[in-house]
Amino acid sequence: MALSAFNPRSLMGSPRFARLIIGVFAVGLVLAILTPVYSDEIGWRLQERGWLDGVDKLYSEQCGPSTLARPLWFMWPVRWYSAFFNTGFPDPFWVRFSGVLYALAWAGLLLALIRRMAAGAAQNRAVAVLMLGLLGLGTLPLQLVWSRPEQPILLAALGAMLVAWNGRERLSWWRPAAITLLAGIALSYHFKALVLIPLFLACIVPQRSPALWRLLCAAALLTLAAASAQYWFARLSCPADAMLAAQHAGQSLHYEGSLVKLALRALANDNLPAYVTLAAPDVTPMSHWLPYHLVTKPEQIAWSAVMIGLWFIAFLLAGGALWRAVRRGGIKAALDLRVVFALLLFGIASAYASVQMVRNCYEAAFVLPLLAMSFACALCAEPNGGPRLPTMAAITGLAMLLSMVMVGAIYGPSLIRAAQASGYLAEQPLSVPVFHYDRARAMIRKAAALCGIDPDNHQQRLLIDDATYFTFMQSRLPDHHLSVLDPQWRGAVTDPLSYLKSQGMDGAVVHCRFLDPATRRHARAADGVCCLSRAMF
């Protein structure tokens, strides 16, 4: 009887349910601090070392001229920021801690944007609950705290939208400049920021400032984007290694001689639901970022189906709200910033999805937040967001609460075990435990000493892995083990020792499991960590 009388819509009548959803989502992000630091989080730090080395680099140097690149002038503040905090806090804990802070900051900005765009308290609560409900499903909260370039890029985009929304009513010179600055910061981190250029331009156009000033800021933004595109595409080329060049080319859709064929392939490849499935519990998560076989295949399919269903209903609600808003308001409504933002963000997410041939799970933490931002703007474009919004918000909020409990039950024990380890994880070879790095540092220094490698000698060139990087972070132009030792990623390198010798490397300090038997015979080991000195090459 009580169940039959239950009405999800009634939950949205009180602020308490909204506060519960916001609180649980925030707690979920905080508890995600237990997530081991994934190899890609180390790799991006390795590739943006301009302040330490004078150049940015790739994982290794076999790509030739594109391997080492001097950052563009506007990228240097970001390189200084990264160098200051990474060298000041060389520990996996601070990588994950910063990821949690960035995720919380982004969620806070999203809630602030919804509050300012919504027509009233009821709509604000419903949209906020729906968006956080979607973002709290499956393993997405664990992915949102990955400390990768997507985090500052999304923060910059949301910051620009807030600046734009608040700048419609009063004359302001600083707002267009601030939006241009935020775009420059995003472009400094990663080429993914290039897809957001239309959004940044849309933020500049409606500002109440002289037209010439807005035109100059827009021109400056486009100039930064053009220079950034040239820089990033050159970085991603690999002229000296045909095998790696082919791998890079296979990651994205590329021109094959027919624009019509390319457009049709892009349309067929625009698979946004795929990113929802990447946030569902998986039987074999990518590169063991979570342990294997903690769910069954039927369970994975069920998770994916439910999550896709909830995201699809939210898409229908957002599309319906946009349609009604434009139909009622005509051209004026179509030029409303909420409508413009919603369409641009959805278009950007779709365009990005259409060119991706290989979708890794961390892409969900970029595409799904863009979709959430789009849906939020669309739902706020119509007063009250439509009659079904409160019901759907309540259902999604309840689904998120259930998901948090279930994901905790599935992955909680393994996350706790990982938090108790130090240095390396047996089940997750490409991840590093968040806590107890001091114990790992002592073990790494002990192994390095066997080969006469001194962690305090910052002029040495070393081959490192994800754990040893923190000990040797300030060494000169380090190479990452994946691009030298792993057959999948080392391209034309067939003899790791010959490669190290040809590059003038001073040695290597990596876990012994990454060495092939032939290389392992030359190494010295302590507590499972192997070292190689220059004399051993």
Side-chain angles (χ1 to χ4, degrees), residues 36-47 49 57-62 86 90-92 95 287-289 421-433 436-458 460-491 493-537:
V37 175
Y38 178 61
S39 181
D40 248 31
E41 299 178 81
I42 309 302
W44 285 112
R45 283 160 171 77
L46 191 72
Q47 296 185 66
R49 291 176 52 92
K57 69 185 300 293
L58 299 179
Y59 274 53
S60 65
E61 297 186 19
Q62 67 261 48
N86 280 288
D91 190 300
V95 173
S287 302
H288 296 85
W289 81 271
S422 64
Y424 298 92
L425 297 169
E427 295 179 289
Q428 297 166 262
L430 296 182
S431 295
V432 179
H436 312 301
Y437 188 73
D438 284 344
R439 300 205 302 251
R441 195 190 308 274
M443 179 177 67
I444 291 165
R445 292 178 73 100
K446 178 182 176 182
L450 297 177
C451 296
I453 297 173
D454 181 7
D456 299 320
N457 177 8
H458 301 327
Q460 58 198 352
R461 293 200 59 197
L462 300 172
L463 180 71
I464 50 82
D465 63 27
D466 299 313
T468 60
Y469 177 66
F470 292 98
T471 300
F472 297 99
M473 185 179 293
Q474 296 193 57
S475 62
R476 184 170 58 92
L477 294 170
D479 275 7
H480 194 280
H481 77 95
L482 280 178
S483 61
V484 178
L485 303 176
D486 191 316
Q488 182 179 358
W489 300 110
R490 67 188 185 191
V493 174
T494 56
D495 185 344
L497 294 179
S498 295
Y499 168 80
L500 296 176
K501 184 176 181 179
S502 70
Q503 294 298 318
M505 303 292 281
D506 293 307
V509 186
V510 298
H511 197 280
C512 296
R513 66 186 172 196
F514 299 131
L515 300 177
D516 59 74
T519 307
R520 175 71 178 83
R521 285 195 293 269
H522 294 268
R524 296 176 181 174
D527 301 318
V529 179
C530 281
C531 72
L532 290 160
S533 67
R534 184 195 291 264
M536 299 174 183
F537 297 163

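Because the structure is a prediction, the values reported are computed rather than measured. FYI, the numbering just counts along the sequence from 1.
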Query raised in the report: For residues 478-490, which residue pairs qualify under salt bridge (Lys or Arg N to Asp or Glu O under 4.0 Å), counting only residues two or more places apart or in two chains?
Result: Lys57-Asp479
Query - Tyr424 OH to Ile444 CD1 distance, which is reported to the nearest 0.5 Å - result: 4.5 Å
**Report entry** Euclidean distance, Asp465 CG relative to Leu485 CG, rounded to 0.5 Å
**Finding:** 9.5 Å
Query raised in the report: Can you tell if the side chain of Gln474 reaches within under 4.5 Å of the side chain of Pro90, non-hydrogen atoms only?
Result: no
Query - Residue pair Pro455 / Arg445: nearest heavy atoms and the distance that separates them - result: CB-NH1, 3.6 Å
Requested in this report: Check the pair Val432, Tyr469 against side-chain contact (heavy atoms from CB on, under 4.5 Å), reporting the backbone distance first and the verdict last.
Outcome: CA-CA 11 Å; Val432 179; Tyr469 177 66; over 6 Å; no
Query - CG on Leu497 to CE on Met505, rounded to 0.5 Å - result: 12.0 Å
Requested in this report: Write down the atom of Asp516, the atom of Pro496, and the distance for their closest heavy-atom approach.
Outcome: OD2-CG, 3.9 Å
Query raised in the report: Between Trp489 and His480, does a side-chain contact (heavy atoms from CB on, under 4.5 Å) hold up when you go through it step by step?
Result: CA-CA 11 Å; Trp489 300 110; His480 194 280; over 6 Å; no
**Report entry** N/O donor-acceptor pair under 3.5 Å between Arg461 side chain and Leu500 backbone
**Finding:** no
Report task. Could you grab the distance from atom NE2 of His481 to atom CG of Leu430, nearest 0.5 Å is fine? Result -> 6.0 Å
Requested in this report: Could you please spell out the steps behind the side-chain contact (heavy atoms from CB on, under 4.5 Å) verdict for Val95 and Arg45?
Outcome: CA-CA 10 Å; Val95 173; Arg45 283 160 171 77; 3.7 Å; yes
Would you mind writing out the side-chain donor-acceptor pairs for residues 523-537 within the sub-3.5 Å range, not counting sequence neighbours?
unit_1: Arg524; atom_1: NH1; unit_2: Leu450; atom_2: O; d: 2.6
unit_1: Arg534; atom_1: NH2; unit_2: Asp506; atom_2: OD1; d: 2.4

Query raised in the report: For Gly507, does its backbone N or O pair with a side-chain atom of Gln460 as donor and acceptor, under 3.5 Å?
Result: no
Query - Under 3.5 Å: donor-acceptor pair, side chain of Thr468, backbone of Val509 - result: yes
Requested in this report: Applying side-chain contact (heavy atoms from CB on, under 4.5 Å), run through Arg520 and Cys512 and close with a yes or a no.
Outcome: CA-CA 7 Å; Arg520 175 71 178 83; Cys512 296; 3.8 Å; yes
**Report entry** His288 to Glu427 - nearest heavy-atom pair and separation
**Finding:** CD2-O, 3.3 Å
Query - Distance, nearest 0.5 Å, that separates CG of Asn86 from CZ of Phe470 - result: 8.0 Å
Enumerate, atom names and distances included, each donor-acceptor pair closer than 3.5 Å involving a side-chain atom of residues 36-44, sequence neighbours excluded.
unit_1: Tyr38; atom_1: OH; unit_2: Ser287; atom_2: OG; d: 3.2
unit_1: Ser39; atom_1: OG; unit_2: Asp466; atom_2: OD1; d: 3.2
unit_1: Ser39; atom_1: OG; unit_2: Asp466; atom_2: OD2; d: 3.1
unit_1: Asp40; atom_1: OD1; unit_2: Tyr59; atom_2: OH; d: 3.4
unit_1: Asp40; atom_1: OD2; unit_2: Arg148; atom_2: NH1; d: 2.8
unit_1: Asp40; atom_1: OD2; unit_2: Tyr362; atom_2: OH; d: 3.3
unit_1: Glu41; atom_1: OE1; unit_2: Arg96; atom_2: NH1; d: 2.8
unit_1: Glu41; atom_1: OE1; unit_2: Arg96; atom_2: NH2; d: 3.4
unit_1: Glu41; atom_1: OE1; unit_2: Ser147; atom_2: N; d: 2.6
unit_1: Glu41; atom_1: OE2; unit_2: Tyr38; atom_2: N; d: 2.8
unit_1: Glu41; atom_1: OE2; unit_2: Arg96; atom_2: NH2; d: 2.8

Report task. Measure the CZ-CG distance between Phe472 and Asn457 for me, rounded to the nearest 0.5 Å. Result -> 10.0 Å
**Report entry** Least distance between heavy atoms, Ala421 atom then Pro433 atom
**Finding:** O-CB, 3.6 Å
